[in-house]
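The structure appears below as structure tokens.
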Amino acid sequence: MNSKKRLGFILIPLLLVGGYFVANSLLFNGTKGKVVSEEGIQATYFAGPDMKERPAVVVIGGGLGGDYWANEFLGQGVVGLSLSYYRVPGLPQLMEEIPLEYFEKAIRWLGKQAEVDPNKIVVMGASRNAELALVLASQFPDLISGVIAFAPSSISWPNAVLPFNSDTLKASWTYQNQDIPYLHMAKIKGTDSPKIETLGYWEAGLQQIDQYPSAVIPVEKIAGPILLLSGRDDQVWPSATMSDMMEERLKVNNFSHDVENVQFENAGHLISRNLDYISKGREGQMYIGGKAYEFEYGGTIEGDKAAIVQSWEKIKAYIKKVETK
């Protein structure tokens, strides 16, 4: 395997499952935060020396991209916690049966910091990390005061979505040794073509919702405003459709907090990227059965650029909303 293929084998699965924050800032060189390794937590903490009782955003997924976003929040006078949870030493290596207690512990730790107002902690994620952020906020409304979700999911999915997870169907998330209910579906399979379409795979999963109603994330339990950001041309999975599903569920349940379901024309799956790198990596790659397949993220460069700029403006307005809560 040459070095280019080896890099793809490592990076692309991380992009697909890791929430796309890694791709945001491969050259991130912002403020270096404080490394946190207490009580099993693996994170980087971004706070200014004069901060006191400020809102905080937990960037689910951590890594360079998480550090990038946490640093951006610091620039807005908000504490940032870039939180890793798998594929680093000391944490699970596979994205399956991830205990929510880990995040509960991290958020409780964050709330004890002098720079943080424990009543104004928000979680943020992209793609499967957005799924996780929504699951966490639904599970811990006493700890989490809102969600920012890029290219989100309305469903808890199993570990079947990528080839580097185990072959046995398992829950992605657990709490108190019990599975968070998930939608059962077969692992994605390869084809004779060098390209693979992932959108149809997820859409087929959504057709099974009636069989697994408990897999729908109970977003009505979230104790704060929700910001959903998606591209209408997302070719990885139907994030706009799933955003609509969440908005409808919230309406039916008379959700008492603000909800914004923002959908961008001509934008794809990677709308959480650093604007400087939007023209790079327009196609993804995954390995199934030892064979490399290319897949589309969707969107145009100009459409994604517009979505990124507008998303950041939406996020800043969202932060103001949390501040004045």
Practice item. With sequence neighbours left out, write down each residue that passes side-chain contact (heavy atoms from CB on, under 4.5 Å) with Q310, or none if nothing qualifies. Key: F264, A306

Review point. Between S239 and H269, do the side chains contain an N or O donor and an N or O acceptor separated by less than 3.5 Å?
Key: no

Review point. If you look only at pairs with a residue in residues 292-302, which of them pass as a salt bridge (charged side-chain N to carboxylate O under 4.0 Å, His left out), with sequence neighbours excluded?
Key: K195-E296, E302-K305

Practice item. Please list, chain by chain and in numerical order, all residues satisfying side-chain contact (heavy atoms from CB on, under 4.5 Å) with A149, sequence neighbours excluded. Key: A130, L134, V147, P152, L228

Point to revise | N-O pairing of K251 and E248 below 4.0 Å | key: no

Practice item. Not counting sequence neighbours, list each pair that qualifies as a salt bridge (charged side-chain N to carboxylate O under 4.0 Å, His left out) and has a residue in residues 93-106. Key: E96-K170, E104-R108

Point to revise | Chi angles and distances behind the side chain to side chain contact (heavy atoms under 4.5 Å, CB included) call for N159, Y182 | key: CA-CA 9 Å; N159 67 331; Y182 61 94; over 6 Å; no

Review point. Partners of T191 by side-chain contact (heavy atoms from CB on, under 4.5 Å), sequence neighbours excluded?
Key: S193, Y293

Review point. So which pairs with a foot in residues 230-242 pass salt bridge (charged side-chain N to carboxylate O under 4.0 Å, His left out), sequence neighbours left out?
Key: R232-E265

Exercise for review: Taking D304 for its side chain and G268 for its backbone only, find out whether a donor-acceptor pair lies under 3.5 Å.
Suggested key: yes

Exercise for review: Consider only side-chain N and O atoms of N129 and Y85, and report whether a donor and an acceptor are under 3.5 Å apart.
Suggested key: yes

Practice item. May I ask you to check whether Y45 and E115 show a side-chain donor-acceptor distance below 3.5 Å? Key: yes

Check your understanding: Backbone N or O of V88 within a donor-acceptor pair of the Q93 side chain at under 3.5 Å?
Key -> yes

Exercise for review: Tell me, please, which residues at least two apart from E39 pass salt bridge (Lys or Arg N to Asp or Glu O under 4.0 Å).
Suggested key: none

Review point. For I319, what residues pass the side-chain contact (heavy atoms from CB on, under 4.5 Å) criterion, not counting sequence neighbours?
Key: F73, V78, I315, E323

Practice item. Sorted by first residue and then second, give each salt bridge (charged side-chain N to carboxylate O under 4.0 Å, His left out) pair with at least one member in residues 216-227; sequence neighbours left out. Key: E220-R249

Practice item. Could you list all the ring pair (Phe, Tyr, Trp, His ring centres under 6.0 Å) pairs where at least one residue sits in residues 114-139, not counting sequence neighbours? Key: none

Review point. With sequence neighbours left out, what residues match S153 under side chain to side chain donor-acceptor pair (under 3.5 Å)?
Key: W157

Check your understanding: Among pairs that include at least one residue of residues 138-149, which meet side-chain hydrogen bond (donor to acceptor under 3.5 Å, both in side chains), considering only residues two or more places apart or in two chains?
Key -> S145-K325

